[in-house]
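Contents: one structure, followed by commentary.
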Amino acid sequence: MQLFENQPLKIYNSLSGKKEVFEPLNQGYVGMYVCGPTVYSNVHLGNCRTFMSFDMIFRYLKHLGFKVRYVRNITDAGHLVDDAEDGEDKIAKKALLEKLEPMEVVQRYTVDFHNILDQFNFLPPSIEPTATGHIIEQIEIIKDILAKGYAYEVNGSVYFDVAIFNKTNEYGKLSGRKLEDMIANTRALAAQNEKKNPQDFALWKKAEPQHIMRWPSPWGDGFPGWHLECTAMSTKYLGETFDIHGGGMDLKFPHHECEIAQAEACYGHSPVRYWMHANMLTMNGKKMAKSTGNNILPGEIFSGENSILSKAFTPSVVRFFMMQAHYTSILDLSNDALIASEKGYQRLMEAVNTLPKLEVGPKTDFDIPSWKQLCYDAMNDDFNTPILIAQLFEAVKRINLVKEGKETITAADKALLKEHIDVFVFDILGLENERASGVDSNKLGGVVELLIQLRMEARANKDFATSDKIRDQLAAMGIQLKDGKEGTTFTLF
RNA sequence: GGCAUCGUGGCCGAGUGGCUAGGCAAGGCUCUGCAAAAGCUUGUACAGCGGUUCGAAUCCGCUCGAUGCCUCCA
């Protein structure tokens with residue numbers, strides 16, 4: 001008996017615009033594809049938010065007992081800079097600027113990406129395929145689409161014929177657009193004369209002589225178009241139809257719309273059962289983007305080296321901050337918001353650390369099974385982590401009440417509570433217990449315990465000058481003493 | 001201009017046709033030598049204007065505003 005059998009999960013499907021009961025294609029298995037990063041510069045915090053949302057989703061699906069194959073690609077072939085005839089590969093452009101081999105750039109930023117995600121405590125995806133590793137598959141799909149009449153070749157490039165596709169299918173259904181409107185609103189760009197219509201998109205682009213990244217194809221040397229790699233890789237690893245396709249909201253159009261078109265043209269049916277879109281992280285009310293410079297790097301948060309920040313914040317604090325907002329909502333980053341999250345996170349972790357030390361009693365004043373179900377209900381309702389966190393704070397309150405001696409908990413319920421706190425805080429939200437230091441057993445712990453003892457003696461002698469000096473100077477070093485009923489404890493902050 | 005999403009108390013941020021979000025900050029109280037921590041407690045918010053309804057912040061319409069997409073973008 002797996003958890004998912006009695007924890008019905010609802011997912012907001014961007015395609016239908018509704019929350020739907022999640023039923024995977026194959027009982028007990030989930031195929032999930034998420035559009036990964038383009039590795040031509042450092043991953044910024046906005047990118048991280050999307051991947052973190054899907055990391056949480058991956059974690060929860062796994063927790064429910066699904067066998068999940070999570071595919072997140074690395075876009076290392078680059079995308080076109082623009083639609084102009086001399087469109088050059090974005091990665092190649094950057095490489096020329098920095099006088100590096102394209103794959104050197106790819107390697108550098110892929111390593112950076114993995115390093116950052118590791119600090120954020122991401123689970124690795126099941127498969128992390130690269131676009132350049134799937135050129136053959138992409139060429140095969142283009143051949144297929146050409147054979148089925150949904151594409152045309154011009155001068156070594158192949159374009160998807162949106163108008164023909166739209167006769168039998170519905171181009172724009174994901175983003176709520178109609179082809180007629182798009183035609184009416186398209187600006188007349190020069191240099192698109194290869195395409196029959198401006199809405200057509202490239203499946204294969206001819207490589208100009210100076211273009212470094214290039215592969216042979218039936219249409220000559222070139223490189224794949226923007227949207228094809230995701231169709232190729234998702235199909236290869238998850239099949240022609242799979243359960244969940246995720247990505248950032250900004251990919252809905254045109255990227256995901258084109259993926260649908262490619263797959264429907266090729267396979268004759270819709271590729272994805274549940275489309276999920278994570279919303280943007282903004283800063284100063286504006287979307288973070290590499291191109292505008294309105295962004296912040298994770299490293300700058302961890303070090304505090306950014307003008308909007310008053311201090312450094314740990315990866316778990318940032319993760320907690322992001323998990324306090326629903327993944328479909330726009331979230332605005334600010335120093336104040338991070339500070340508030342840091343306080344909340346610390347309070348949560350205090351309680352997590354207190355729980356094992358609680359004394360047990362004859363009865364429990366807190367209905368833990370009901371609380372546990374409320375936590376599941378929150379997650380089952382389209383991964384509502386803000387509600388889950390609200391429930392966790394209910395548990396925090398109860399833990400502190402028991403600590404204060406105002407409520408009691410039985411040994412069995414304490415174990416049950418601990419088990420589920422750990423599940424939700426660590427396994428699902430993916431937080432790390434940065435405050436659970438092993439200080440009790442190390443040298444620092446011994447020194448602090450000694451000082452606490454000296455302070456207790458001073459207090460017993462009403463020598464408050466000495467006791468306050470110990471307390472205040474330790475506080476200045478980031479060690480906070482807390483006088484409680486059972487004596488003095490301390491935490492690092 | 002088109003499409004989409006959204007506008008919640010000092011700040012962040014859930015939710016919803018009638019009943020509690022939660023966090024942070026603030027005030028009061030308990031505890032304390034004084035603090036801190038912790039606990040209890042207070043605040044009565046849903047852009048504006050109409051409409052539907054016994055009842056709407058929640059549904060509908062309009063207005064204003066914000067953001068995203070429409071060109072690579074998580």
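Order of the sequence lines sets the chain letters (A, B, ...), proteins ahead of strands, with each chain counted from 1. Here the structure is a predicted model, which means the values were calculated and not measured.
- Contact annotation: side chain of A:D472 to base of B:rA35, donor-acceptor pair absent below 3.5 Å.
- A straight line from CZ of A:F320 to P of B:rG22 spans 14 Å, rounded to a whole angstrom.
- Base engagement by A:L281 is indicated by at least one non-hydrogen atom pair under 4.0 Å involving a base atom.
- Here the C1' atom of nucleotide B:rU67 and the CE atom of A:M249 are 11 Å apart, to the nearest Å.
- Within 4.0 Å (heavy atoms only), A:H277 reaches no atom of the nucleic acid at all.
- Taking atom CE of A:M280 as the reference point, atom C1' of B:rC73 lies 9 Å away to the nearest angstrom.
- If you take CG of A:D468 and C1' of B:rU32, they are 12 Å apart, rounded to a whole angstrom.
- Counting any heavy atom pair closer than 4.0 Å across all strands shown, A:S53 reaches no nucleic acid atom.
- Among the atoms of the strands shown, only primed sugar atoms or phosphate atoms (P, OP1, OP2) are found under 4.0 Å from some heavy atom of A:G247.
- Remark: aromatic rings of A:F120 and A:F51 are distant, center separation not under 6.0 Å.
- Backbone-only contact: A:G36 has heavy atoms under 4.0 Å from sugar-phosphate atoms and none from a base.
- Rounded to whole angstrom, the span from the CG atom of A:N73 across to the P atom of B:rC73 amounts to 11 Å.
- Between A:F424 and A:Y60, the ring center distance fails the sub-6.0 Å criterion.
- A:K397 comes within contact range of the sugar-phosphate backbone alone, with a heavy-atom separation under 4.0 Å but no base atom that close.
- Using the Watson-Crick or G-U wobble rule with both distances under 3.5 Å, B:rG61 pairs with B:rC49.
- When heavy atoms are screened at a 4.0 angstrom cut-off, A:A325 is found touching the sugar-phosphate backbone but no base atom.
- Base pairing of B:rC29 is made with B:rG39, judged by Watson-Crick or G-U wobble geometry with both donor-acceptor distances under 3.5 Å.
- You'll find the ring centres of A:F383 and A:F54 outside the 6.0 Å limit.
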